[in-house]
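Contents: one structure, followed by commentary.
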Amino acid sequence: MNKFLVFLEQRGGTIKKASIETWNRVQELAAEQGDSAVSGILAGPADLKQLDGYIVGDGVIYHASEECLALYNPERYARLVKDTLQREACTTLFFADTILSRELAPKLSVRLKASLLSGCAMSDVAWHNGGCVRPVYAGSAMASFLPERTFRIYTISSCATPAISNARGTITVITLEPHSFASEPLFSVVRRNLMREGGLDVAEAGIIVAGGRGMGGTEGFFLLEQLARLLGGAVGASRPVVDEGWRPQCEQIGQTGKTVAPVLYFAFGISGSLQHLAGIGSVGTVVAINKDCHAPIFDVADYGIVGDVHLVLPKLLDTLQEFLKRK
Ligand SMILES: Cc1cc2nc3c(=O)[nH]c(=O)nc-3n(C[C@H](O)[C@H](O)[C@H](O)COP(=O)(O)OP(=O)(O)OC[C@H]3O[C@@H](n4cnc5c(N)ncnc54)[C@H](O)[C@@H]3O)c2cc1C
């Protein structure tokens, strides 16, 4: 029997949409394969009722609800996942491809002597041999990988699918006994500084309004923020924008930023370099606004507007406001 374990990541008690997607995709995989079981591991206090209507398939979620796991701690999380994996005799571990899993998954692969395949699209994983095809060199080539070890760890990139609501799944929650972490050489997280309070995380957003160097400076982003608010989306940025200090690093999209998977992505004044495109490979619809009709972003755009962002953006906002008023 195949036994799959999915790491469910929470922040502030809210389970990440990307983790729920990963769980649902692993359930599809288990259903295809037959003779497979899916379980989940969740670290930190969280109300699991939030999963109602969003999670498919049957399975067990092991919940370590201790307060000391509320904030990410690599040592504690690694130990918890490793213990659960071994206790439940799972050989395959899945993470959503997030900033956290980029640290935790390699750590676990060393401790478990497991093959690690990161940034895979679930659809590109060939399950008969556990291999996967994924983009390399910032998306300029595709490479095939085959895991050599019995233990396998995958981090799964999200793709632009709407969240499933009214989904049916029967989940059994097992609250784990508190771990005795005290004897370990640990460091503690003393304080967490949020760069921006309350904003939607680009990695979780269904709509992203991203700006590049063509926005011209910090002020250029005021209108983008307004547009993002109207659409219920998040503001994203290219790397030069972050390097210039116009926007915080948490908004950076691309090879050295976040990988995003919204259903709708606006690129304002972004040229479309390979490194930026590496972060938007799974986006649904791309709308590009650029004054240079030869900008590479138009090669990946579904809709394009050739024009100055400072002229297009106010008109777009006016039209949208009118439209929303009439609705
Ligand atoms: C190792 C490495 C990692 C990298 N990682 C990332 C990453 O994670 N994310 C990332 O984004 N980049 C990354 N980069 C940088 C990347 O190579 C590009 O330099 C960057 O993406 C360009 O950002 P940009 O499109 O905002 O700026 P530019 O390339 O300067 O493009 C600006 C665009 O705005 C247009 N424009 C200018 N004014 C206007 C206007 N008024 N109206 C409309 N359009 C206008 C221009 O025509 C141009 O197309 C990385 C580079 C390296 C080497």
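Remember, it's 1-based here, ligands and their atoms both numbered in the order they're listed. Bear in mind the structure is a predicted one, so any value in this text is a computation, not a measurement.
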Tell me the protein heavy atom at minimum distance from [atom], and give that distance in Å.
atom                    : result
atom 7 (C) of ligand 1  : Q252 NE2, 3.3 Å
atom 12 (N) of ligand 1 : R239 CB, 3.3 Å
atom 14 (N) of ligand 1 : Q275 CB, 3.5 Å
atom 45 (C) of ligand 1 : K291 CG, 3.7 Å
atom 25 (O) of ligand 1 : S271 N, 2.7 Å
atom 30 (O) of ligand 1 : R213 NE, 2.9 Å
atom 16 (C) of ligand 1 : S273 OG, 3.3 Å
atom 47 (O) of ligand 1 : N290 OD1, 2.8 Å

Give the atoms of ligand 1, by number and element, whose distance to some non-hydrogen atom of [X] is under 4.0 Å.
X    : answer
D292 : 47 (O)
D308 : 40 (C), 41 (N), 42 (N)
G214 : 32 (C), 34 (O), 36 (N), 37 (C), 38 (N), 39 (C), 40 (C), 41 (N), 45 (C)
H310 : 41 (N)
G257 : 8 (O)
T256 : 3 (C), 4 (C), 5 (N), 6 (C), 7 (C), 8 (O)

Is there side-chain contact between [X] and [Y], with at least one heavy-atom pair below 4.5 Å?
X    : Y    : value
K258 : D201 : yes
I280 : V260 : yes
E21  : N24  : no
L117 : R152 : no
L112 : L85  : yes

Original post:
Relative to atom 22 (C) of ligand 1, which among G254, S238, P240 owns the nearest non-hydrogen atom?
Top reply: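 The residue whose heavy atom sits nearest atom 22 (C) of ligand 1 is P240.
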Subject >> Residue selection (non-hydrogen contact nearest atom 32 (C) of ligand 1) among A295, G269, G212 >> reply: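 The option holding the nearest heavy atom is G269.
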Subject >> Donor-acceptor contact below 3.5 Å, side chain K3 vs main chain A89 >> reply: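 No; judged by distance alone, with no hydrogens or angles, the pair does not exist.
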Original post:
Backbone N or O of V202 within a donor-acceptor pair of the E251 side chain at under 3.5 Å?
Top reply: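 Not a single qualifying donor-acceptor pair exists.
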Subject >> Short N or O distance, V309 and ligand 1, threshold 3.5 Å exclusive >> reply: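 Right, the criterion is met.
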**OP:** Indicate, as side chain, backbone, both or neither, the part of V241 found under 4.0 angstrom from ligand 1 when only non-hydrogen atoms are considered.
**Re:**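 For V241, there is no contact with ligand 1 at all, from either part.
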Original post:
Is the ring centre of F94 less than 6.0 Å from the ring centre of F7?
Top reply: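 When the ring centroids of F94 and F7 are compared, they turn out to be at least 6.0 Å apart.
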Original post:
At what distance, to the nearest 0.5 angstrom, does CG of L29 lie from CG of N2?
Top reply: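 Interatomic distance, L29 CG to N2 CG, rounded to 0.5 Å: 7.5 Å.
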Subject >> Test item, G307 contacting ligand 1 (heavy atom, 4.0 angstrom) >> reply: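 Distance cut 4.0 Å: G307 passes for ligand 1.
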**OP:** Look at ligand 1 and say whether I270 reaches it with a heavy atom at a distance under 4.0 Å.
**Re:**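 For ligand 1, residue contact (heavy atoms, under 4.0 Å) with I270 is present.
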Original post:
On the ring face of F95, is R102 found with NZ or CZ under 6.0 Å from the centre and within 45° of the axis?
Top reply: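 Judged by the rule, R102 and F95 form no cation-pi pair.
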Original post:
Without hydrogens or angle criteria, can the side chains of T98 and E9 be said to hold a donor-acceptor pair below 3.5 Å?
Top reply: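 The criterion, which ignores hydrogens and geometry beyond distance, is satisfied for E9 and T98.
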**OP:** List the steps, then state whether side chain to side chain contact (heavy atoms under 4.5 Å, CB included) holds for Y154 with L116.
**Re:** CA-CA 6 Å; Y154 299 88; L116 168 63; over 6 Å; no
